[in-house]
Q: 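Attaching a single structure in structure tokens format; questions to follow.
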Amino acid sequence: MSFHPVVTYPKASFIETDTGNKVSRRATISGPQNIVLGGKSIISPGAILRGDLRKAGNAPTVVITLGRYCLVGEGVVVRPPYKTYKGAFNFYPMKIGDGVHIGDGSIVEAAQIGNYVEIGRNCIIGKFTIIKDCARIADNTVLPPNTVVPALSLFAGSPGRFIEDLPETTQEVVEARTKAHYNRFQPVEQ
Amino acid sequence: MPPKDRFIIHSRAVVCSDVDLKGEVTIGSNTVVHPKVAIYAIAGPIVIGSGCIIEEGVVIVNRRKDVMRIGDENHFEINSRLECPTMGSCNVIGTRARVHHTASLSSYCVIQPAVVFSPATPEILPDYSVIFDEGGSERRIWSGQGAEQERALRQKHAEYLRELLPKFNRQRKGDID
């Protein structure tokens, strides 16, 4: 149980989907047919999700996969990473696990983010970064491209470096916190 | 007295409709402008060359009376902010980097992510400069090795985006083609 007060929002400012995703009307979602939201995730105002930056070819692809109980903060930019492989330029899909909170103003170009990862405010997550489960990225961290963040570790600084190991209870704590955050986020009629 | 809005967008440039333009802006051929970009020519005009990539959230401002010239094949990454009077070609401005009006860039320069580059006196960065560390305090000259490969990547990137962006985003056209 959490004792934090309920956070309310005007009902008209968010769109709630059947699976409980709450997407702000002021968020920019390009290429929504290429984005999968797991359910009970919150997309805050001013966030930019670039589902249009997809792989070459006409086959339907999923560009951004977001798990359950995720929070994409205000002004966050989520865009898939790109590189040339065998001489051909391509964008690569991005997977984000369950219970991931991305703080306000962060820019994420990771290849993969595990479950219960906390990313602070104003972070820059470089291209093709892999963040494993239950890791934490402190505020204002700059992770260079191709960084691998191991499970249960705290990264901070510019460039982001390993600071300390996190306790093994992190998963339960973060899971409870993300669920509580979603449940506290309630609409009010206006 | 702000100048009248006048946008000249080359017919082969891709400019998304969700872009904020003000003043006299010229965008060259093959340049790609992502959504949510702001280009404000407050006092003097802004001229952007060909083959540039301008990613989302970039702000380009010209507060001076003179023309702000940006060369060819520059890459402005997400949320960077640019007020420099002139810029050469093949530069990279990293994610959320800022270049103040006191600094001008030559060619092949790199401003690393999250760097605020604001020299106290007007300065022109020589070719192949790299600015890094917090506050832009550290700099060095890059050997230029791999510049051609980088350029090839940039060209492929722009070419790919020119095909892809019109499929998902509405495009904006200039006043005169």
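In the text below, chain A, chain B and the rest are named by the order of the sequence lines, each starting its count at 1. Small disclaimer: the values here were computed from a predicted structure and weren't measured.
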Q: Under 6.0 Å from the CD1 atom of Ile163(A), do we count more than 12 heavy atoms belonging to anything else shown?
A: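 Check passes, neighbour count above 12.
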Q: Looking only at atom types and distance, does a side-chain atom of Tyr160(B) sit under 3.5 Å from a main-chain N or O of Ala56(A), one as donor and one as acceptor?
A: yes
Q: Can you sort out the partners of Pro45(A) under side chain to side chain contact (heavy atoms under 4.5 Å, CB included), two or more places apart, ordered by chain and number?
A: Phe14(A), Ser24(A), Arg26(A), Glu74(A)
Q: With a cut-off of 6.0 Å (strictly less than), are more than 12 heavy atoms of other residues, nucleotides or ligands near CZ of Arg81(B)?
A: yes
Q: Could you tell me the separation between the CZ atom of Phe91(A) and the NE2 atom of His157(B), rounded to the nearest 0.5 Å?
A: 4.0 Å
Q: So for atom NZ, which belongs to Lys83(A), do other residues, nucleotides or ligands contribute more than 12 heavy atoms lying within a distance under 6.0 Å?
A: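 Above 12, so yes.
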Q: In terms of heavy-atom pairs under 4.5 Å, which option from Leu53(A), Thr84(A), Asn90(A), Ile107(A) contacts chain B the most?
A: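 Sorted descending by pairs with chain B, the first entry is Ile107(A).
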Q: Less than 4.5 Å apart, side chain to side chain, heavy atoms only: is that true for Asn122(A) and Arg96(B)?
A: yes
Q: Considering only heavy atoms, which portion of Ile78(B) lies under 4.5 Å from any heavy atom of chain A: side chain, backbone, both, or neither?
A: both
Q: Hey, which of Val142(A), Val77(A), Asn34(A) has the most heavy atom pairs under 4.5 Å with chain B?
A: Val77(A)
Q: So for Ser30(A), is it side chain, backbone, both, or neither that comes closer than 4.5 Å to the heavy atoms of chain B?
A: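 Only the side chain of Ser30(A) comes within 4.5 Å of chain B.
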Q: If you measure from OG1 on Thr28(A) to NE2 on His34(B), what distance do you get to the nearest 0.5 Å?
A: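 Answer for the OG1-NE2 pair, Thr28(A) versus His34(B), is 13.5 Å.
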Q: Other residues, nucleotides and ligands only: do more than 12 of their heavy atoms fall within 6.0 Å of CZ on Arg172(B)?
A: yes
Q: Around Arg64(B), counting heavy atoms of other residues, nucleotides and ligands shown, do more than 12 lie under 6.0 Å from its CZ?
A: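 Yes, CZ of Arg64(B) has more than 12 neighbouring heavy atoms, counting only those of other groups under 6.0 Å.
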Q: Among the options Pro113(B), Gly57(B), Pro35(B), pick out the one with the most heavy-atom pairs lying under 4.5 Å from chain A.
A: Pro35(B)
Q: Would you check if the side chain of Lys167(B) reaches a backbone N or O of Asp52(A) as a donor-acceptor pair within less than 3.5 Å?
A: no
Q: Quick one: closest heavy-atom pair of Thr95(B) and Ile124(A), and the distance?
A: O-CD1, 3.7 Å
Q: Counting heavy-atom pairs under 4.5 Å to chain B, which of Gly31(A), Gly126(A), Pro144(A), Gly87(A) comes out on top?
A: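 When all of Gly31(A), Gly126(A), Pro144(A), Gly87(A) are compared, Gly87(A) has the most.
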Q: Chain A heavy atoms under 4.5 Å from Glu77(B): which part of the residue, side chain, backbone, both or neither?
A: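 Only the side chain of Glu77(B) comes within 4.5 Å of chain A.
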Q: Check each atom of Arg50(A) against the heavy atoms of chain B and say whether the ones under 4.5 Å are side chain, backbone, both or neither.
A: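 Interface part for Arg50(A): side chain.
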Q: So does Arg25(A) have more than 12 non-hydrogen atoms from other groups sitting under 6.0 Å from CZ?
A: yes
